[in-house]
Amino acid sequence: MKNLFTILFLLFAMGAHAQNEGLVLRSEEWCNVGDLISEEVVVSGSSQGMAIYGDVAFLMHDRGQCVIINLRERHFISSYIMEGNEGHCNNASFGRERVSKDSPFPLLYVSECRGERACYVNDVRLDGSRLVQKIFYDGEDIVGPADWLVDAKRGHIYLYCTVGGERTLKRFRLPRLADNDSNGEVHLAAKDVQREIVLGEIAIPQGSFVWGRRVYLPEGVPSRDRRLHVVDLRSGRKLGVADLNGIEYEPEGIATMGGELYISFHTPRSPRDNRIYRVKVEGISH
């Protein structure tokens, strides 16, 4: 009887795991940003990271252009080149510190991704931005491109990187502006890592976003599978993977507005036609 109970338990556990791997995703196109922008506005560089504060979405493009829209009302606000942001701008997320009480938004953290793998920290407004800090990881254990994402609620910043062939999240205390050295930089070392979470196989990492106790990680390009990974940050366990192949574009930035999840998609050879979808992952509650 004991052996039978053990077998039944293992079969149940295996079945539950299989169900978690196949998360169901519901999606609808929310807007094509190109339809919101007048012809006089030139957009260059492929769509990359997206950060949302309130109703306002900051849409990053390769080499540093930022297009700002009211996402709820679906109208264009402004566009400019962010000071000092010359990288791929692969990911963007808001922190919790502000430069001053007059700053309309918290600091915006934008990933260079390639090159120095720096995180550009920006004081942003609707009509321009100022680079106020650069964050680096000086450890020699990572290879290839790497991104940064902020958990503003808990005061953490994660480095989304590759260690020993495995996609990995390294967690650090979120630096403050007061931590800047004389060059306006913060250099994090291996000794500063608070925790590491091994994510497993993610072939082509895209954006990343912390929502509650979970991190959402889009993956892939149109010529390969496109998926959305969901990982529990407390346990480090992958809760499942949702199929994004029903959407024909390349997933990029990811963020929330009003308790709903939005993903920004890159439209090849047409930077202005940045598609944004509202999505819901069935079985994942907040």
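These numbers come from a predicted model, not from an experiment. For reference, positions follow the sequence shown, starting with 1.
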Full working for side chain to side chain contact (heavy atoms under 4.5 Å, CB included) between Val67 and His61: CA-CA 8 Å; Val67 175; His61 290 258; 3.8 Å; yes
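- Aromatic pair Tyr53/Phe58: ring centres not closer than 6.0 Å.
- Counting only heavy atoms from C-beta outward, the side chains of Phe136 and Val186 never approach each other to under 4.5 Å.
- Although no hydrogens or angles enter the test, the distance criterion places a donor-acceptor pair under 3.5 Å between the side chain of Asn180 and the main chain of Val132.
- Of the possible polar contacts, one joining the Arg96 side chain to the Lys153 backbone as a donor-acceptor pair under 3.5 Å is found.
- The shortest heavy-atom contact between Ser93 and Val150 is OG-N, 3.1 Å.
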Test side chain to side chain contact (heavy atoms under 4.5 Å, CB included) on Asn32 and Thr267; report intermediate values, then the result. CA-CA 10 Å; Asn32 178 354; Thr267 303; 5.9 Å; no
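- Glu252 is not listed as a side-chain neighbour of Met50, based on a closest heavy-atom distance of 4.5 Å or more.
- Heavy-atom neighbours of Arg173 CZ from other residues, nucleotides or ligands within 6.0 Å: above the threshold of 12.
- Hydrophobic clustering, with ILVMFWY side chains joined whenever heavy atoms are under 4.5 angstrom apart, groups Phe94 together with Tyr80.
- The closest side-chain donor-acceptor pair between Glu166 and Thr168, if any, does not fall under 3.5 angstrom.
- Taking all atoms of both residues into account, the shortest heavy-atom contact from Ala146 to Arg117 is CB-CD, 3.6 Å.
- Residues Asn245 and Asp225 meet the side-chain proximity criterion, which asks for heavy atoms closer than 4.5 Å.
- Residues Ile197 and Leu159 fall into different hydrophobic clusters, defined by Ile, Leu, Val, Met, Phe, Trp and Tyr side chains chained together at heavy-atom separations under 4.5 Å.
- Taken to the nearest 0.5 Å, the CZ atom of Phe76 stands 12.5 Å off from the CG atom of Asn70.
- From Arg176, atom CZ reaches atom CG of Leu107 across 9.0 Å, with rounding to the nearest 0.5 Å.
- Met257 is not connected to Tyr216 by any chain of hydrophobic side-chain contacts under 4.5 Å among Ile, Leu, Val, Met, Phe, Trp and Tyr, and they are in different clusters.
- A donor-acceptor pair under 3.5 Å links the side-chain atoms of Gln206 to the main chain of Gly220, judged by distance alone.
- Note that the SG atom of Cys89 and the CG atom of Asp62 stand 7.0 Å from one another [nearest 0.5 Å].
- Taking CG of Asp127 as the start and CD1 of Ile77 as the end, the distance is 11.5 Å to the nearest 0.5 Å.
- In this structure, OG on Ser103 lies 8.0 Å from CZ on Arg130, to the nearest 0.5 angstrom.
- Contact check on Glu185 versus Lys134 returns no salt bridge, with no Lys/Arg side-chain nitrogen under 4.0 Å from an Asp/Glu carboxylate oxygen.
- Residues Arg227 and Glu219 are paired through a salt bridge, judged by an N-O separation under 4.0 Å between the basic side chain and the carboxylate.
- The backbone N or O of Tyr249 lies less than 3.5 Å from no partner atom in the side chain of Arg275, so there is not a single donor-acceptor pair.
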Pair Glu250-Arg226, salt bridge (charged side-chain N to carboxylate O under 4.0 Å, His left out): steps then yes or no: CA-CA 8 Å; Glu250 179 178 341; Arg226 297 173 311 279; over 6 Å; no
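- Cluster membership check: Leu188 shares its hydrophobic cluster with Tyr109, using side-chain heavy-atom separations under 4.5 Å among Ile, Leu, Val, Met, Phe, Trp and Tyr.
- No donor-acceptor distance shorter than 3.5 angstrom exists from the side chain of Asn274 to the backbone of Val33, with no hydrogens or angles considered.
- Between the side chain of Arg63 and the backbone N or O of Ser44 there is no donor-acceptor pair closer than 3.5 Å.
- Contact check for Ile247 versus Ile263: no side-chain heavy atoms found under the 4.5 Å cut-off.
- Judged by distance alone, the side chain of Gln48 and the main-chain N or O of Gly64 form no donor-acceptor pair under 3.5 Å.
- Around the CZ atom of Arg224, the shell of radius 6.0 Å holds no more than 12 heavy atoms that belong to other residues, nucleotides or ligands.
- Using a 30° and 60° split on the angle between ring planes, Tyr277 and Phe265 fall in the perpendicular class, above 60°.
- Atoms NE2 and CG, from His229 and Leu199 in turn, are 9.0 Å apart once rounded to the nearest 0.5 Å.
- In terms of modelled atom types and a separation under 3.5 Å, the side chain of Asn122 and the main chain of Tyr120 share a donor-acceptor contact.
- Contact record, His88 with Cys113: CB-CB, 3.9 Å, taken as the closest heavy-atom pair.
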Pair Thr256, Leu261 - check side chain to side chain contact (heavy atoms under 4.5 Å, CB included), show working. CA-CA 4 Å; Thr256 57; Leu261 195 63; 3.7 Å; yes
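- Taking every heavy atom of both residues into account, Leu228 and Pro218 meet most closely at CD1-N, 3.7 Å.
- Side-chain N or O atoms of Ser78 include one that pairs as donor or acceptor with a backbone N or O of Leu126 at under 3.5 Å.
- Put simply, the side chain of Arg167 gets close to the backbone of Ala203: a donor and an acceptor are under 3.5 Å apart.
- Residue Lys170 is tested with Tyr158, Tyr160, Trp148, Tyr137 for a side chain to side chain contact (heavy atoms under 4.5 Å, CB included); the sole match is Tyr137.
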List the steps, then state whether side chain to side chain contact (heavy atoms under 4.5 Å, CB included) holds for Val231 with Lys238. CA-CA 4 Å; Val231 177; Lys238 186 176 289 187; 4.3 Å; yes
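- The hydrophobic clustering, which links ILVMFWY residues whose side-chain heavy atoms are closer than 4.5 Å, places Leu233 and Leu217 together.
- Residues Val124 and Pro104 share a closest heavy-atom pair of O-CG, 3.9 Å.
- Residue Glu201 places its CD atom among 12 or fewer non-hydrogen atoms of other residues, nucleotides or ligands, all under 6.0 Å distant.
- The minimum heavy-atom distance linking Gln65 with Ser79 is given by the pair NE2-OG, 2.8 Å.
- We find that Lys280 and Glu260 are not joined by a salt bridge, their nearest charged nitrogen and carboxylate oxygen being 4.0 Å or further apart.
- Between Leu108 and Ser129, the closest side-chain pair of non-hydrogen atoms is not below 4.5 Å.
- Enclosure of atom CD in Glu140 is not indicated, since only 12 or fewer non-hydrogen atoms of other residues, nucleotides or ligands lie within 6.0 angstrom.
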